[in-house]
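Throughout, protein chains are lettered first and strands after them, A, B, ... in sequence-line order, and every chain is numbered starting at 1.
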Protein chains: 2
Amino acid sequence: MDKDKLAALGGIKLFEGLPQAQLKSLADIALFKRCKAGDTLFEAGQPGTHFFAVVSGKVRVYRASLSGKEQILSVFGAGESFAEVPVFEGKTYPASAQALEDCLLVSIPRKGFVELLRREPELALGVMALLSSRLRAFVGQIAQLSLKEVPERLAGYLLLLRAAQGRDEITLDLPKGQIASYLGTIPETMSRAIKKLSEQGLIEVSGSQVRVLDPEGLSLLAESGR
Amino acid sequence: MDKDKLAALGGIKLFEGLPQAQLKSLADIALFKRCKAGDTLFEAGQPGTHFFAVVSGKVRVYRASLSGKEQILSVFGAGESFAEVPVFEGKTYPASAQALEDCLLVSIPRKGFVELLRREPELALGVMALLSSRLRAFVGQIAQLSLKEVPERLAGYLLLLRAAQGRDEITLDLPKGQIASYLGTIPETMSRAIKKLSEQGLIEVSGSQVRVLDPEGLSLLAESGR
DNA sequence: CGGCTGATTGAATCAGATCAACTGCTGTGG
DNA sequence: CCACAGCAGTTGATCTGATTCAATCAGCCG
């Protein structure tokens, strides 16, 4: 059982390069958490006592409005960790988290982790780098939301996927409705944006398969700040 | 001169509680930077070699679109530090920064600071807390932008100011046009939003003086997710 | 074969951006 | 001391991208 935890923790990017001894001490305080697609892990405003790492499956972090609209902040897959913020502030979760698929997670309590950080400056630097990259991502997301229209945001998203998957034949990593929520819009508008890009000959879509026909054009569109 | 730097660094929140010796070693590598209102400190995309702390004056951090619209991400005043992100990633500044008033800043080079962090776990924890609180703020900003309309965002902003200033008679900390840019809109729309809140009897505005007449109502509006 | 969920399409509506004009204030120069 | 340039802010008229509401369609699982 502890062997499993050790293996699971070793697969988390944040803990790469951590000496075996420290990994063990993490394994002592970490807990496995299994959940099914659709399960809510925590909600915005709840006191944040643990942070999480994804061993397998996919989790979305989002904020919801009273009227039901949701804005996805990020989606995390195997090897990634999330909900670090309350660890360092000892306050509430700033957003909600829900499993998109059946997941195996490890949860790590705030307190023990902070102690480990005190002893391991390299891990601390890793955490700072992680938080920084997340800040950078949010800056980009804020700029997209306020400076660009939906087709432009979609173009940017597709280019990101293309870069991640390394070819022009992309598989959408999320259902379209979820992508809409990530782009700050709704499925109907997203659908029309796809149509628009298709009509302009920039992409070709069939189901969750997208072929990028004109990367240049896409990126031109994505940059175009209104 | 080094006395000055020491005093300046001592006034930065992030460095509170840092032992005198470490503060000295910071002072050795820190540089004063003076700038006039309107000066650009750095632009999004430039390689980020230093981060900054505000001794006096005010700085805005923002992203601009090609067409000229700007989205303010944050405004920093005396005692606050900014542009930490590239320190831990060694990449570019994710946004631009410009002095809103005449400023005295200290700039601290990436390299020396990282070394100090290795030796000072408490400082490292302080940095992580700072980055976390900034993440929390961005999460809120993203949610506001995508989930709420302009009058609601304005209501939220005013409540924030009210809390910060501790009374119902608020002084706007920025020119209205800048507030518009922070709220992700333009001066015209901002002006109409003010009018709307006034007509609803929630606030009373004259110049940069705002009186909050109905905090309850304001907060009801601010929460209302569309 | 239903029945569900996700996706698409169409029509109507709306919030916010845009464009243009005007106000009022401040500071500068004749 | 007054005139006027210049900028921030306001107001009105119009336009447009996005949401809303409603209906339909496609795929998938029981």
Assign B:Gly207 to base, sugar-phosphate, or nothing according to its heavy-atom contacts below 4.0 angstrom with the strands shown.
nothing
Integer-rounded Å distance: C:dG6 C1' and A:Leu174 CG
14 Å
Using every non-hydrogen atom in the two residues, find where A:Tyr182 and A:Leu73 come nearest and quote the distance to one decimal.
CE1-O, 3.8 Å
Side chains of A:Arg63 and A:Gln71: is there a donor and an acceptor less than 3.5 Å apart?
no
I want to verify a distance call: between D:dT19, C:dA17, C:dG6, whose nearest atom is closest to the B:Lys69 side chain?
C:dA17
Closer than 4.0 Å, any side-chain N/O of B:Thr185 to the OP1 or OP2 of C:dA17?
yes
Is there a side-chain contact between B:Lys196 and the phosphate of C:dG16, meaning an N or O under 4.0 Å from OP1 or OP2?
no
Whole angstrom value for the distance that separates P of D:dG9 from CG of B:Leu154:
13 Å
In whole angstroms, the gap separating C1' of C:dA7 from CG of A:Leu172 amounts to 12 Å
Suppose the criterion is salt bridge (Lys or Arg N to Asp or Glu O under 4.0 Å): which pairs have a residue in residues 194-222 of chain B, not counting sequence neighbours?
B:Glu169-B:Arg211
How close or far is atom P of C:dA20 from atom CD1 of B:Ile186, stated in whole angstroms?
14 Å
Hey, does the side chain of A:Ser191 come within less than 4.0 Å of C:dT8's phosphate (OP1/OP2), counting only N and O?
yes
Shortest side-chain distance from B:Lys176, nucleotide among C:dA17, D:dT10, D:dG12
D:dT10
Between P of C:dT18 and CG of A:Leu147, the distance in whole Å
11 Å
What integer distance in Å separates B:Leu145:CG from D:dT19:P?
13 Å
Kindly point out which of D:dA18, D:dT11, C:dA17 is positioned nearest to the side chain of B:Glu188?
D:dT11
Polar side-chain contact B:Arg192-D:dG12 base: donor and acceptor under 3.5 Å
yes
Can you list every salt bridge (Lys or Arg N to Asp or Glu O under 4.0 Å) pair that touches residues 75-98 of chain B, not counting sequence neighbours?
A:Arg136-B:Glu89, B:Lys13-B:Glu80, B:Glu84-B:Arg134
Check the side chains of B:Gln144 and B:Arg153 for a donor-acceptor pair under 3.5 angstrom, ignoring hydrogens and angles.
no
Rounded to the nearest angstrom, tell me the gap between atom CG in A:Leu183 and atom P in D:dG17.
18 Å
Given C:dG10, is OP1 or OP2 found less than 4.0 Å from the side-chain N or O atoms of A:Lys195?
yes
What integer distance in Å separates A:Gln209:CD from C:dA7:C1'?
16 Å
For DNA chain D, whose closest nucleotide is more 5', that of B:Val205 or that of A:Met190?
B:Val205
